[in-house]
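One structure is given here, and the rest of the page talks about it.
Heavy atoms only: backbone and side chains are in, while hydrogens, waters and symmetry mates are out.
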Amino acid sequence: MLVTIYRPPNTLLKFFLYELSELLSIICADLDWFIISGDFNLHVDNPENSYAKELKALLDTFGLTQQVQGPTHSPLDPVITHTDSRLSSSL
């Protein structure tokens, strides 16, 4: 399954991360594999950003990995998969 998420820039990040957590709890419980991508309007490549840290912690909680390792200014910013997914090694 491919899940595409867009967070408009004026949406509160705290609320977005809460809703993302709720979505991940459903997806991770029901699906064996999936890819999440889209535009979070969050600079996940900035380790000093508190929301980037919260996102990383959230992904770690669900055993997920952000595959994009550089600056995220492209049309498909994050590409998130299960950490142990076969998809992870091919991205």
Side-chain angles (χ1 to χ4, degrees):
M1 173 177 276
L2 175 63
V3 178
T4 303
I5 298 173
Y6 174 71
R7 184 191 74 82
N10 60 351
T11 306
L12 293 175
L13 280 165
K14 188 170 192 138
F15 183 67
F16 170 74
L17 291 173
Y18 170 78
E19 287 190 328
L20 181 61
S21 174
E22 295 293 308
L23 177 66
L24 292 177
S25 66
I26 294 167
I27 291 173
C28 290
D30 292 342
L31 299 172
D32 292 332
W33 69 270
F34 53 86
I35 298 172
I36 299 171
S37 65
D39 188 350
F40 289 9
N41 282 301
L42 169 63
H43 295 281
V44 297
D45 58 325
N46 180 355
E48 300 304 315
N49 183 310
S50 63
Y51 290 111
K53 289 178 186 177
E54 283 186 51
L55 177 62
K56 176 155 180 18
L58 179 63
L59 297 180
D60 289 346
T61 298
F62 287 99
L64 304 175
T65 300
Q66 155 60 325
Q67 299 297 329
V68 178
Q69 299 302 315
T72 58
H73 299 287
S74 64
L76 293 175
D77 293 21
V79 175
I80 299 168
T81 64
H82 273 291
T83 302
D84 60 352
S85 170
R86 290 182 304 174
L87 293 171
S88 296
S89 62
S90 64
L91 293 173

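The line from CD of Q66 to CD1 of I36 is 10.5 Å long, rounded to the nearest 0.5 Å. Considering CZ of R7 and CG of L12, their distance stands at 8.5 Å, rounded to 0.5 Å. Atom CD of E54 is separated from atom OG of S21 by 10.5 Å, given to the nearest 0.5 angstrom.
Side chain of T61 to backbone of A57: a donor-acceptor contact under 3.5 angstrom is found.
When the shell of 6.0 Å around OH of Y6 is examined, it contains more than 12 heavy atoms from other residues, nucleotides or ligands.
The shortest distance between side-chain heavy atoms of T81 and W33 does not fall below 4.5 Å. Considering only heavy atoms from C-beta on, F62 stays 4.5 Å or farther from I80 through its side chain.
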Sequence neighbours left out, cut at 3.5 Å: what donor-acceptor pairs do the side chains of residues 22-31 make with other protein atoms?
| residue | atom | partner | partner atom | Å |
| --- | --- | --- | --- | --- |
| S25 | OG | E22 | O | 2.7 |

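Contact between N41 and P8 at its shortest, heavy atoms only, is ND2-C, 4.0 Å. The two residues G38 and P78 have their closest heavy-atom pair at O-CD, 3.1 Å.
Across L13, L17, N49, a single residue satisfies side chain to side chain contact (heavy atoms under 4.5 Å, CB included) together with L55, and that is L17. The residue from L59, L58, D60 that alone fulfils the side chain to side chain contact (heavy atoms under 4.5 Å, CB included) condition with K56 is D60.
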>> Applying side-chain contact (heavy atoms from CB on, under 4.5 Å) to F34 and L64, what does each step give before you reach the verdict?
In response: CA-CA 10 Å; F34 53 86; L64 304 175; 3.8 Å; yes
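Both V3 and L20 belong to a common hydrophobic cluster when Ile, Leu, Val, Met, Phe, Trp and Tyr are linked at side-chain heavy-atom distances under 4.5 angstrom.
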